[in-house]
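Reviewing the structure listed below.
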Amino acid sequence: MLKDDCASELRVHLANSLPLPSNVNRPRIDLIVFVINLHSKYSLQKVEEFLQHVDSSFFLGKVCFLVTGAGRESHCSVHQNTVIKLAHTYRSPLLFCDLQVESFRAAMARRLVRILQICAGHVPGVSALNLMSLLRSPENPPSKEL
């Protein structure tokens, strides 16, 4: 999703698994985006496994979930309520994106870059915690089917 110069002033690193190696010198981590593909139960299982390796302080405005595959609900192996509950449990924002549509993919890339800029402190007057509280859905008690 991130290409061209949309993230030119930011350093974006992708990790396929957690925990990250401890013997590597790396920059500060400003945002963690967990990607869940609703067409793959394995995707959800891996994210749930990786969440155990994230320090609890990151859930104060530095973690969000990006869900793909919601557009083709008949092909989903993971129900949307499952990821809604996961995001609610970790008090982290949940973003949905159809990666098959170029315009949606580009819009989500721009949105993620903007979120990352804020989390990295590149936007004066807005903190990651403020931003994430704005992105969260209103606090409603979870329904029984969640």
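Keep in mind the model is a prediction, meaning the values are calculated, not measured. The chain is numbered in sequence order, starting from 1.
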Exercise. Can you name the nearest heavy-atom pair linking L116 to D30, along with the distance?
Worked result: CD1-CB, 4.1 Å

For this session: Evaluate the side-chain proximity of L86 to L94: yes if any heavy-atom separation is below 4.5 Å, no if none is.
Result: no

Problem set entry | Set of residues satisfying side chain to side chain contact (heavy atoms under 4.5 Å, CB included) with respect to P21, sequence neighbours excluded | N23, V24

For this session: Could you tell me whether the side chain of R111 reaches within less than 4.5 Å of the side chain of L95, counting heavy atoms only?
Result: yes

Problem set entry | Within one Ile-Leu-Val-Met-Phe-Trp-Tyr cluster: Y42 and F34, side-chain cutoff 4.5 Å | no

Exercise. Is there side-chain contact between I118 and L31, with heavy atoms separated by less than 4.5 Å?
Worked result: no

Problem set entry | Any side-chain heavy-atom pair of Y90 and L51 under 4.5 Å | yes

Problem set entry | Non-hydrogen side-chain atoms of Q117 and V113 separated by less than 4.5 Å | yes

For this session: Determine yes or no for a side-chain-to-main-chain donor-acceptor pair under 3.5 angstrom, with T82 supplying the side chain and V78 the backbone.
Result: no

Exercise. Taking C-beta and beyond as the side chain, do P93 and F65 meet within less than 4.5 Å on heavy atoms?
Worked result: no

Exercise. With sequence neighbours left out, what residues match P19 under side chain to side chain contact (heavy atoms under 4.5 Å, CB included)?
Worked result: H53

Problem set entry | Flag side-chain contact, heavy atom, 4.5 Å: V33 against L112 | yes

For this session: Dump the intermediate steps for side chain to side chain contact (heavy atoms under 4.5 Å, CB included) on F96 and M108, then the final yes or no.
Result: CA-CA 9 Å; F96 287 89; M108 183 55 67; over 6 Å; no

Exercise. Quick one: are V83 and L38 in side-chain contact, heavy atoms under 4.5 Å?
Worked result: yes

Problem set entry | Where Q100 and R105 come nearest, the two heavy atoms and their spacing | C-NH1, 4.2 Å

Exercise. Between the side chains of S127 and N130, is a donor N or O closer than 3.5 angstrom to an acceptor N or O?
Worked result: yes

Exercise. Of all heavy-atom pairs between C76 and G69, which one has the smallest distance, and what is that distance?
Worked result: SG-O, 3.5 Å

Exercise. For G61 and A128, which heavy atoms make the closest approach, and how far apart are they?
Worked result: O-CB, 3.2 Å

Exercise. Looking at I29 and F58, what are the two nearest heavy atoms and their distance?
Worked result: O-CE2, 3.5 Å

For this session: Please report the closest heavy-atom contact between P27 and H13, naming both atoms and the distance.
Result: CG-NE2, 3.9 Å

